> 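I'd like to ask you about the structure that follows.
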Amino acid sequence: MKLSDSCTIDADVATVWTALLDAEVLKACVPGCTEMVGSPSEGFEATVVQKVGPVKATFKGAVTISDMVEPETLTISGEGKGGAAGFAKGGADVRLEAAGDTTILHYNVDAKVGGKLAQLGSRIIDGFAKKMAGQFFENFSQTVGTPAPHGSDEATNEKKKSWLKSLVG
């Protein structure tokens, strides 16, 4: 399965680069991650609990970071075993691009699964992989980026309510 996309993060390139290499930030951003230890130079060890369709598994695996050109590009590679559920392995090429005070993070992901997971079919696996990538980058953007000004959600909700009232009334 291959997936390419990008997201804009409300932080400068140096901040985003540092966060990509931080075990605590990665643990907070990977959906279902219960443990993440290690360093960029030695690699990370992770434990992730996920449910894919009817299959729930705890994956234990290793993540390595290579091809680093600070603060522009890096490659993240990982492999995890989920016991009877099977395995997942893959990698992501990440490129950071400065855009004023924000950073555009581009990624190309290539992932493979085997065992019971592979029996679920490519439609379920591809949908799950896209959802996981989307959740990770949304979490990463919220964790690393500058929080929205206080009260902005209330203003947005008020606009939605007034738009809905004009439609109904």
Side-chain angles (χ1 to χ4, degrees), residues 1-53 57-82 85-114 117-118 120-148:
M1 195 241 20
K2 294 183 185 286
L3 174 66
S4 296
D5 205 349
S6 63
C7 65
T8 301
I9 300 169
D10 192 16
D12 62 79
V13 171
T15 301
V16 174
W17 180 265
T18 301
L20 281 171
L21 304 176
D22 185 293
E24 286 303 312
V25 172
L26 295 175
K27 178 183 175 188
C29 297
V30 173
C33 186
T34 59
E35 182 181 17
M36 177 82 69
V37 294
S39 68
S41 58
E42 295 176 13
F44 298 101
E45 301 237 344
T47 303
V48 177
V49 178
Q50 278 299 325
K51 185 172 192 251
V52 184
T58 298
F59 292 90
K60 292 185 179 282
V63 177
T64 57
I65 297 179
S66 60
D67 303 329
M68 288 193 291
V69 178
E70 187 175 343
E72 298 171 9
T73 63
L74 57 81
T75 298
I76 302 170
S77 304
E79 184 170 347
K81 294 184 170 130
F87 70 89
K89 68 179 179 177
D93 292 321
V94 178
R95 181 175 58 88
L96 303 180
E97 175 186 338
D101 293 338
T102 65
T103 301
I104 301 172
L105 187 151
H106 302 274
Y107 60 93
N108 295 309
V109 175
D110 188 11
K112 296 177 181 81
V113 296
L117 289 175
L120 294 174
S122 63
R123 206 169 111 216
I124 290 174
I125 296 298
D126 289 357
F128 176 76
K130 287 177 184 172
K131 179 182 168 191
M132 286 285 290
Q135 284 179 342
F136 172 80
F137 287 109
E138 182 179 326
N139 293 347
F140 187 80
S141 182
Q142 290 175 358
T143 300
V144 177
T146 306

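Since the structure is predicted, the reported quantities are computational estimates derived from the model, not experimental observations.
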> Just to verify, what does A62 make a side chain to side chain contact (heavy atoms under 4.5 Å, CB included) with, not counting sequence neighbours?
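Per chain and number, A62 pairs via side chain to side chain contact (heavy atoms under 4.5 Å, CB included) with no residue.
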
> Can you measure from CZ (F87) to NZ (K81) and round to the nearest 0.5 angstrom?
9.0 Å

> Take V113 and F128 through the test side chain to side chain contact (heavy atoms under 4.5 Å, CB included) and record every step on the way to the result.
CA-CA 12 Å; V113 296; F128 176 76; over 6 Å; no

> I'd like to check the ring-ring contact (aromatic ring centres under 6.0 Å, His included) partners of F140; sequence neighbours left out, ordered by chain and number.
F136

> Give, for atom CD of E79 and atom OG1 of T64, the distance between the pair rounded to the nearest 0.5 Å.
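Interatomic distance, E79 CD to T64 OG1, rounded to 0.5 Å: 10.0 Å.
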
> Check whether the side chains of D10 and T102 place a donor and an acceptor atom closer than 3.5 Å, and report yes or no.
no

> Return the minimal non-hydrogen interatomic distance between T8 and S141, and the atom names on each side.
O-OG, 3.6 Å

> With a cut-off of 3.5 Å and sequence neighbours excluded, list every side-chain donor-acceptor pair involving residues 14-27.
| unit_1 | atom_1 | unit_2 | atom_2 | d |
| --- | --- | --- | --- | --- |
| T15 | OG1 | D12 | OD1 | 3.2 |
| T15 | OG1 | D12 | OD2 | 3.0 |
| T18 | OG1 | A14 | O | 3.0 |
| D22 | OD1 | E24 | N | 2.8 |
| D22 | OD1 | V25 | N | 3.0 |

> State the CG-CD1 distance between L74 and I65, to the nearest 0.5 angstrom.
6.0 Å

> Can you list the residues that meet the side chain to side chain contact (heavy atoms under 4.5 Å, CB included) rule with T58, with sequence neighbours excluded?
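Counting only residues at least two positions away or on another chain, T58 forms a side chain to side chain contact (heavy atoms under 4.5 Å, CB included) with T47, V49.
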
> Excluding sequence neighbours, so at least two apart, what forms side-chain hydrogen bond (donor to acceptor under 3.5 Å, both in side chains) with T34?
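Listed in chain order: nothing, the list is empty.
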
> Using the salt bridge (Lys or Arg N to Asp or Glu O under 4.0 Å) rule, collect all pairs that involve residues 60-73, keeping only residues at least two apart or in two chains.
none

> Please list, chain by chain and in numerical order, all residues satisfying side chain to side chain contact (heavy atoms under 4.5 Å, CB included) with V48, sequence neighbours excluded.
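V48 satisfies side chain to side chain contact (heavy atoms under 4.5 Å, CB included) with V30, C33, Q50 once adjacent residues are dropped.
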
> Would you check, one step at a time, whether the test side chain to side chain contact (heavy atoms under 4.5 Å, CB included) holds for L96 with I104?
CA-CA 6 Å; L96 303 180; I104 301 172; over 6 Å; no

> Donor-acceptor pair, distance only, cut-off 3.5 Å: does the side chain of T103 make one with the backbone of A11?
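Side chain of T103 to backbone of A11: a pair is present.
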
> Not counting sequence neighbours, which residues clear side chain to side chain contact (heavy atoms under 4.5 Å, CB included) with F137? List them please.
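Partners of F137 under the side chain to side chain contact (heavy atoms under 4.5 Å, CB included) test: C7, L105, Y107.
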
> With sequence neighbours left out, write down each residue that passes side-chain hydrogen bond (donor to acceptor under 3.5 Å, both in side chains) with D93, or none if nothing qualifies.
T75

> Give every residue pair that meets the side chain to side chain donor-acceptor pair (under 3.5 Å) criterion with at least one member in residues 121-140, sequence neighbours excluded.
none

> Are the side chains of L117 and F59 in touch, meaning some heavy atoms are under 4.5 Å apart?
yes

> My understanding is that only residues two or more places apart in sequence, or in another chain, count here; which of them pass side-chain hydrogen bond (donor to acceptor under 3.5 Å, both in side chains) with S39?
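Only S41 meet the side-chain hydrogen bond (donor to acceptor under 3.5 Å, both in side chains) criterion with S39.
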
> Hey, what do you get for CG (D110) to CG (N108), rounding to the nearest 0.5 Å?
9.5 Å

